[in-house]
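One structure below.
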Amino acid sequence: MTQQPFVVLDNVAKRWNGQLGVEHVSLEIEEGSFVALLGPSGCGKSTTLRLLAGLETADEGRILIDGRDVTTSAASDRNLSMVFQSYALFPHLSVAENVVFGLKVRRVPRAERREKLNRALTITGLIGYENRKPGELSGGQRQRVALARAIVAGQRLCLMDEPLSNLDAKLRTSVRKDIKKLQQELGITVVYVTHDQTEAMSMADKIVLMQEGHIQQVGTPGDLYNKPINTFVAEFVGAPPMALIRSEALDGFGQGHRIGLRAENVSLASEGQTRMTCRVSESEFLGAETLIGLEHEQATGLTIIRPGLSPMTVGQEVGITFGDADLHVFDAAGNRLAS
Ligand code: ADP
Ligand code: MG
């Protein structure tokens, strides 16, 4: 017998007075996995999450959680917890009171509340902060309180909508690791909304990349990076984004195709090895490496990675080379051709 996926969205659609939220959203999520809903602002990530949570009702399609059809179930009947970008903490309650609020509402006995609280505060590194009010915490600590509250809820499914967006870059990286560790330790299933491809790539077992209300590609971070199904995915995943070259600029790639090429596969050509001649447009020093942006009439996003601090003069002409095996071929409509 094959195991049922833990969460199923089957051809789900949501519109408001004809305005598209999402359409044809079909997705299966394994229990215990970390799934990222990724895409630019307005592509339907939150709508998908809210449909799953029961905060919105689908116009079409079905939603199943743990084998149960919850398409029309109330949010409170779906056995899940949520973490939002805004934290949604009660400002007048202490950290401890915020964390156990839901347990109190559900009349969980005091001793059990205390035990769950302690565990959640330990896991989130908040021991010692029990009596502080949210206003006396940093953004990162507030987000930890929101996480602790989701943990004490003890649900097997946790939905997170851009939970790190309000944190500064450094904190984002550390809380990102905390969340991932937590998900693995607790063995819970997380559906995580983000517009940040780095976050999705570093955290998710599976990425669902969306655009304009539709799923473009579902796969592991490696799948999306190595085999982008179309030029949208190619340019959205990876930093720097994949360069796209018109096939006319290269020999042997026919007419009207677009050829994708990642920066790590481009090198400066030695005498007589030049495949394209470009002009240096910018140098971006990142510490361990310098990204050299290149301009070419028939290409966008061409970049070379050079080690350490090695800028090049803007306007300088350079010859580049690359191997055919590293090229991604897309048709005129932007869809990946075989391989
Ligand atoms: P994301 O979270 O990916 O930024 P959303 O899921 O919030 O995007 O929104 C997807 C689309 O649905 C957007 O065009 C948005 O304007 C629209 N939308 C979302 N919620 C509503 C609503 N309550 N009423 C009307 N349109 C909405
Ligand atoms: Mg959103």
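Values in this document were obtained by computation on a predicted structure and should not be read as measured data. Atoms within each ligand, like the ligands themselves, are counted from 1 in listed order.
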Residue pairs involving residues 25-84 (criterion ring-ring contact (aromatic ring centres under 6.0 Å, His included); sequence neighbours excluded): F34-Y192
State whether K116 and E112 are salt-bridged, where the test is any N-O pair (Lys NZ or Arg NE/NH1/NH2 against Asp/Glu carboxylate O) under 4.0 Å. yes
Is H214 close to E23 at the side-chain level, that is, under 4.5 Å between some pair of heavy atoms? yes
M312 vs R306 side-chain heavy atoms within contact, under 4.5 Å: yes
Could you list the donor-acceptor pairs under 3.5 angstrom formed between side-chain atoms of residues 61-68 and any protein atom two or more places apart in sequence or on another chain?
residue, atom, partner, partner atom, Å
D66, OD2, R156, NH1, 2.9
R68, NH2, D77, O, 2.5

Would you please write out the protein residues whose heavy atoms approach any atom of ligand 1 to under 4.0 angstrom, listed by chain and number? W16, Q19, L20, G21, P40, S41, G42, C43, G44, K45, S46, T47
Salt bridge (Lys or Arg N to Asp or Glu O under 4.0 Å) test vs R279 passes for just one of E317, E295, E297, namely E317
Do you see a donor-acceptor pair shorter than 3.5 Å between the side chains of Q273 and T321? no
When you check the space around the Mg ion (ligand 2), which protein N, O or S atoms turn up under 2.8 Å? S46 OG
Is the shortest side-chain heavy-atom distance between F330 and P228 below 4.5 Å? yes
Run the salt-bridge test on R15 and E60 with the 4.0 Å N-O cut-off and return the result as yes or no. yes
